[in-house]
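Quantities reported herein were computed from a predicted structural model and do not represent experimental measurements. Below, chain A is the first sequence line, B the second, and so on; all start at residue 1.
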Amino acid sequence: MCPAVAPQRSILWFRKGLRLHDNPSLLAAIKGATHLYPVFVLDPWFLKPDVVGVNRLNFLLESLTDLRSSLQARGSNLLVLRGNPQDVLPRVWKDWNITRLCFEADTEDYAEERDTKITAAAQEAGIEVISCVSHTLYDTSDVVAKNGGKAPLTYKGFEKAITALGPPPAPVEDPPAKLPPLAADSKGTDSETTSVPSLRELGYPDEASTDIKGGETEALARLAEQLSDKGWVAAFEKPKGDPTAFIKPATTVLSPHLKFGCLSPRLFYEALQRVYKEKKEHSKPPVSLLGQLLWREFYYVAAAHTPNYHRMEGNPICKQIPWDNNAEFYRAWEESRTGYPWIDAIMAQLRRTGWMHHLARHCVACFLTRGDLYVSWEKGRDTFDRLLIDGDPSLNSGNWMWLSASSFFYQYFRVYSPITYGKKYDPEGKYVKHFLPILKDYPPKYIWEPWKAPKEVQEQAGCIIGKDYPAPIVDHAEVSKR
DNA sequence: GTGACGTTGTCGCT
DNA sequence: AGCGACAACGTCAC
């Protein structure tokens with residue numbers, strides 16, 4: 001016979017994982033619950049343009065709006081609370097007589113520190129805490145356990161560990177059409193104070209400058225659309241993509257949705273397997289689309305199990321390099337003033353759209369660090385973290401260590417050319433002209449190295465090098481030898 | 001200790 | 001389009 005279970009009043013705390021599909025924490029929260037309080041806590045500390053760029057914040061707000069609509073359609077709501085979660089949550093769990101707190105596990109350093117404190121406080125208040133793994137394919141600890149207790153440093157090692165683990169868990173079932181309600185009389189749940197704020201209310205410009213839209217609805221539509229071309233999915237090989245394609249990008253652009261959890265990696269995994277089953281001849285990891293999802297996992301495992309992962313100092317997997325950290329070089333790189341159109345156009349695309357192709361990221365990261373400017377990867381990582389919509393700390397720091405030859409990758413003599421790399425994909429320079437309109441009238445012959453154009457050509461193009469557009473801040477041929 | 005290998009370089013040659 | 005030289009890194013398997 002079953003013991004009587006006391007009715008539960010649950011908080012479902014959203015952070016990443018901004019979705020209803022494949023959401024085990026949501027299912028845990030509604031089990032035996034009379035009341036469900038879905039909350040998101042906006043911490044004003046992060047809401048500054050020098051910490052979170054407008055495109056990134058816009059994506060978050062759109063995702064919250066979509067999540068709120070989906071919850072409302074199921075008789076629930078999303079309460080957007082303001083403040084530090086460590087202050088806000090204890091206040092509301094008291095006000096609402098909460099018995100259970102559920103959230104998705106987050107392995108990032110800042111999240112673990114925060115969640116440890118909140119879990120302790122909740123348990124002290126007699127609240128049951130349930131945290132589920134659903135942001136990654138696997139529990140990162142399981143991968144580490146299969147690799148002899150440490151994070152794999154090579155793709156091969158990672159592949160071996162996950163092969164031993166078997167396929168990741170399937171997505172959990174969708175939530176019911178009717179969710180438990182919020183109690184009608186609960187303090188602090190009126191829609192005046194719990195609505196999704198606008199960019200303007202948060203002190204940002206009225207509009208984002210990107211076309212990339214946030215939200216679970218958008219994520220699922222994009223997934224369906226991208227995977228509908230099965231031939232393309234089966235043939236996908238990342239290194240063969242064109243980083244200068246900007247009207248129709250060469251990749252899925254699902255990364256922002258994976259970052260915020262509008263799309264479950266397990267759902268993506270399952271959808272890919274369905275295509276591969278149908279298309280017997282298909283590309284394989286590490287270059288395939290599945291491979292891209294596995295690289296994400298690789299970096300999550302490394303980040304979760306490496307001390308000081310986000311810094312050079314004290315980071316056992318990071319090569320210690322005496323970077324120059326020339327502040328003017330760093331600013332020029334960030335503000336598209338290096339004088340190399342390929343580099344400057346990529347950074348302009350980043351600022352405007354919050355996204356660029358993976359290989360374009362390689363080029364600017366190599367240029368800032370080991371290739372040309374010799375500025376620390378931590379600086380570039382910070383810029384990406386602020387401006388990239390899909391900026392995910394585990395992946396971001398990991399890729400910067402990779403590109404700066406600080407970890408995972410060490411063939412430092414493989415340097416991307418800031419002139420020929422872009423040219424081979426886009427001899428006409430359409431990409432450069434689009435993102436750097438000052439150069440739009442340069443003939444293709446000089447678009448990748450405009451400083452070589454004769455004075456008459458510069459005058460005719462209406463852009464004098466050294467005056468309207470900078471001369472190269474370093475001589476690539478010279479500095480890349482270092 | 002040794003040797004093979006590493007998601008996605010460039011240049012110049014054939 | 002495909003190949004070797006470049007100048008030589010760290011990790012892993014043996």
Roughly how many Å is it from CG in A:L153 to C1' in C:dG10, rounded to a whole number?
10 Å

Between A:S397 and A:R311, is there a side-chain donor-acceptor contact under 3.5 Å, judged purely by atom types and distance?
no

Distance, P atom - from C:dC12 to C:dA8, rounded to whole angstrom:
23 Å

Which of the following nucleotides, B:dG6, C:dA8, B:dT10, is nearest to the side chain of A:F413?
C:dA8

Mind checking A:V415 for me? I need base, sugar-phosphate or nothing, with any heavy atom below 4.0 Å counting as a touch.
sugar-phosphate

Proximity to the side chain of A:K424 - top-ranked nucleotide from B:dT10, B:dG9, C:dT11:
B:dT10

A:M401 CE to C:dG10 P, straight-line distance once rounded to whole Å
16 Å

When you get a sec, tell me which of C:dT11, B:dT7, B:dG9 is the closest nucleotide to the side chain of A:Y421?
B:dG9

Nearest-neighbour nucleotide for the A:R414 side chain, B:dG9, B:dT7, C:dT11 considered:
B:dG9

If you define the side chain from C-beta out and look only at heavy atoms, does anything of A:W451 sit under 4.5 Å from A:Y340?
yes

Could you state the atom-to-atom distance from CH2 of A:W402 to P of B:dG9 in whole Å?
11 Å

Take the protein atom CZ of A:F298 and the nucleotide atom C1' of B:dG6, then report the distance between them rounded to whole Å.
11 Å

Between A:E108 and A:R114, is there a salt bridge with N-O shorter than 4.0 Å?
no

Distance below 4.0 Å between A:K156 side-chain N/O and C:dC12 OP1 or OP2
no

Roughly how far apart, to the nearest Å, are C:dC6 and B:dT2 at atom P?
24 Å

Mark yes or no: A:R15 above the aromatic ring of A:W13, with NZ or CZ under 6.0 Å from the six-membered ring centre and no more than 45 degrees from the axis.
yes

cation_pi(A:K248, A:W232) dist<6.0 Å, angle<=45:
yes

Reckon A:K160 touches a base, only the sugar-phosphate, or nothing at all at heavy-atom distances under 4.0 Å?
sugar-phosphate

Candidates C:dT11, B:dT7, B:dT8 - which lies nearest the side chain of A:Q292:
B:dT7

Select one nucleotide: of C:dC9, C:dA13, B:dC11, the one nearest the side-chain heavy atoms of A:Y410.
C:dC9

Report the distance from atom CD of A:E159 to atom C1' of B:dC5, rounded to the nearest whole Å.
14 Å

Is any side-chain nitrogen or oxygen of A:T154 closer than 4.0 Å to OP1 or OP2 of C:dG10?
no

Which one, B:dT7, C:dT11, C:dC9, comes nearest to the side chain of A:Q411?
C:dC9

Just to be sure I understand the rule, does A:S407 reach a base, reach only the sugar-phosphate, or reach nothing, if contact means heavy atoms closer than 4.0 Å?
nothing

Between atom CH2 in A:W295 and atom C1' in B:dT8, what is the gap in whole Å?
10 Å

Look at the rings of A:Y416 and A:Y421 and say which category their plane angle falls in: under 30° parallel, 30 to 60° tilted, over 60° perpendicular.
perpendicular

Say we look at C:dA7 and B:dT7: how far apart would their P atoms be, to the nearest angstrom?
24 Å

Would you say that A:R222 contacts A:V253 through its side chain, given a criterion of any heavy-atom pair below 4.5 Å between the two side chains?
yes

Nucleotide nearest A:Y416 (side chain, heavy atoms from C-beta), chosen from C:dT11, C:dG10, B:dT10:
B:dT10

Taking the side chain as every heavy atom from C-beta outward, state whether A:V52 and A:L47 have any pair of such atoms under 4.5 Å apart.
no

Can you measure A:F236 atom CZ to B:dT7 atom P for me and round it to whole angstrom units?
16 Å

Nearest 0.5 angstrom please: A:E62 CD to A:F59 CZ, how far?
7.5 Å

Mind calculating the distance between CZ (A:R370) and P (C:dA7) to the nearest angstrom?
16 Å

For Watson-Crick and G-U wobble pairs within 3.5 Å on both distances, what is DNA chain B written in dot-bracket notation, | included for inter-strand pairing?
||||||..||||||

